[in-house]
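Residue numbering restarts at 1 for every chain, and letters A, B, ... go by the order of the sequence lines. Owing to the predicted nature of the structure, the values given are computational and were not obtained by experimental measurement.
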Amino acid sequence: MESGAIRIEELLGGFDLQSTVESGQSYLWRRADGRMYESEPAYGGSAWYHTVVDGEALRVRQVGGPREGTLEWESTGDGAALLTDLLRLDDDLAGIRRRSPEDDLVRRAYDAFEGMRLVRDPPFGTLVSFICSAQMRVARIHGMVTALAREYGDPVGFAGPGDDGAGTYYGFPAPERLAGATEAELRDLGLGYRAPYVVETARMVADGEDPAAAADLAYEDAREHLTRFVGVGDKVADCVLLFSLGFLEAVPLDTWIRTAIEDHYPGCERGTYRETSRAIREQFGGDVAGYVQTYVFNYLRTR
DNA sequence: TGCCAGGCGGATT
DNA sequence: AATCCGCATGGC
């Protein structure tokens, strides 16, 4: 096992671990104490969080604040490289904020979650997570994804300081494993009407349709391309583009953002997803619009 | 109790 | 192309 530390002072614009992994962007991290989404934003409490990527286990906690704290990590692999990739530690967050609009809502959202970064999660786990997200609260989405990992994922033994004491983490299942599940099994895990969508999309990916292939396309073509997967419309496609494939201009139009448009940017409502998306993307700063969206989403959601 | 949650697929018009 | 409808399920 390797371990190390990253000084947050060295990251442009700081970092806050809790708001990054508990803001409904990623459902692939878990808290050792099991208290995801329970504690207040900016509390943190130096909780350990863990994930598994490509068979490598990684856990991390933040000691101190979003400007002068330290990220302590332990991993079966190169923890520093994994963290930098997964949590976008190389983004210039201060620069991104400078390129964001200055209205009251955006300012309040940035101030409420100082140091929150976007994530760069693996494509298949992100795709399935957001298929599960339809008409569902974030804590329950996290519960569904956790159940899928527990039932179909590969365990990685990793003893240490985690409060769960189990020392076994589960990676998100490979497409072939979920493709082999039955709709009834997934319904028993609480997926409801999303169960057949997950099975069918897993089959498509197992048969060679790679969601990551969208990364080579222009933004709107990439969004259209991802809707080929079952259970994936424009909104879920935007989530995959933003939280996995690095399209920072993507603005998922979910219920919270649609409310924000009604209340704060009524001129951006254009009647169709495509045109409303273009308008709010412009309003939110173009190539940093996805960052603005995620701050506003989390701010409104947790009020 | 009814309403809502990071919507989508399918049928109808 | 736009609109309507059905769909699971737990929390408030």
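- Judged purely by atom type and a 3.5 angstrom limit, A:T70 has no side-chain atom pairing as donor or acceptor with the backbone of A:V63.
- The distance from atom CZ of A:R140 to atom P of B:dC4 is 17 Å, rounded to the nearest whole Å.
- Nucleotides C:dC5 and B:dC3 place their P atoms 15 Å apart, quoted to the nearest Å.
- Taking atom P in both C:dG11 and B:dC8, one finds a spacing of 24 Å when rounded to whole Å.
- For the contact set between residues 207-215 of chain A and DNA chain C, defined by any heavy atom under 4.0 Å, there are no members.
- If you measure from atom CG of A:L300 to atom C1' of B:dC4, you get 16 Å, rounded to the nearest angstrom.
- Contacts of A:G24 with the nucleic acid, taken as non-hydrogen atoms under 4.0 Å apart, include base atoms.
- As rounded to whole Å, 10 Å separates atom P of B:dG7 from atom CZ of A:F130.
- Taking a cutoff of 4.0 Å between a charged side-chain nitrogen and a carboxylate oxygen, A:D287 and A:R99 qualify as a salt bridge.
- A heavy atom lying under 4.0 Å from DNA chain C marks none of the residues of residues 103-110 of chain A.
- Using a 4.0 Å cut-off between a side-chain N of Lys or Arg and a carboxylate O of Asp or Glu, A:R107 and A:D104 qualify as a salt bridge.
- No donor-acceptor pair closer than 3.5 Å links the side chain of A:E200 to the backbone N or O of A:V230.
- DNA chain C is contacted by A:R187, A:G192, A:Y193, A:R194 of residues 187-202 of chain A, taking any non-hydrogen atom closer than 4.0 Å.
- No single ILVMFWY cluster, assembled from side-chain heavy atoms under 4.5 Å apart, contains both A:Y170 and A:Y152.
- Near DNA chain B, defined here as any heavy-atom distance below 4.0 Å, the residues from residues 249-267 of chain A are A:P252, A:D254, A:T255, A:W256, listed numerically.
- With A:R177 contributing its side chain and A:A174 its backbone, the two residues share no donor-acceptor pair below 3.5 Å.
- A distance-only check finds no donor-acceptor pair linking the side chain of A:Y265 to the backbone of A:E262 [under 3.5 Å].
- Side chain of A:S100 to main chain of A:V292: no donor-acceptor pair is present (N/O by atom type, distance under 3.5 Å, no hydrogens or angles).
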- request: Report the C-alpha separation of A:R117 and A:D90 in whole Å, then their side-chain angles, then the decisive distance to 0.1 Å, and conclude whether the salt bridge (charged side-chain N to carboxylate O under 4.0 Å, His left out) test is met.
  value: CA-CA 10 Å; A:R117 288 170 184 261; A:D90 43 5; over 6 Å; no

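- Contacts of residues 218-231 of chain A with DNA chain B (heavy atom under 4.0 Å): A:F229, A:V230, A:G231.
- Within the structure, a side-chain polar atom (N or O) of A:Q135 is placed less than 4.0 Å from OP1 or OP2 of B:dG7.
- Extent of DNA chain C lying under 4.0 Å from chain A heavy atoms, first and last nucleotide in 5' to 3' order, is C:dA2 to C:dG10.
- The nearest whole Å value for the distance from the CD1 atom in A:I131 to the P atom in B:dC8 is 10 Å.
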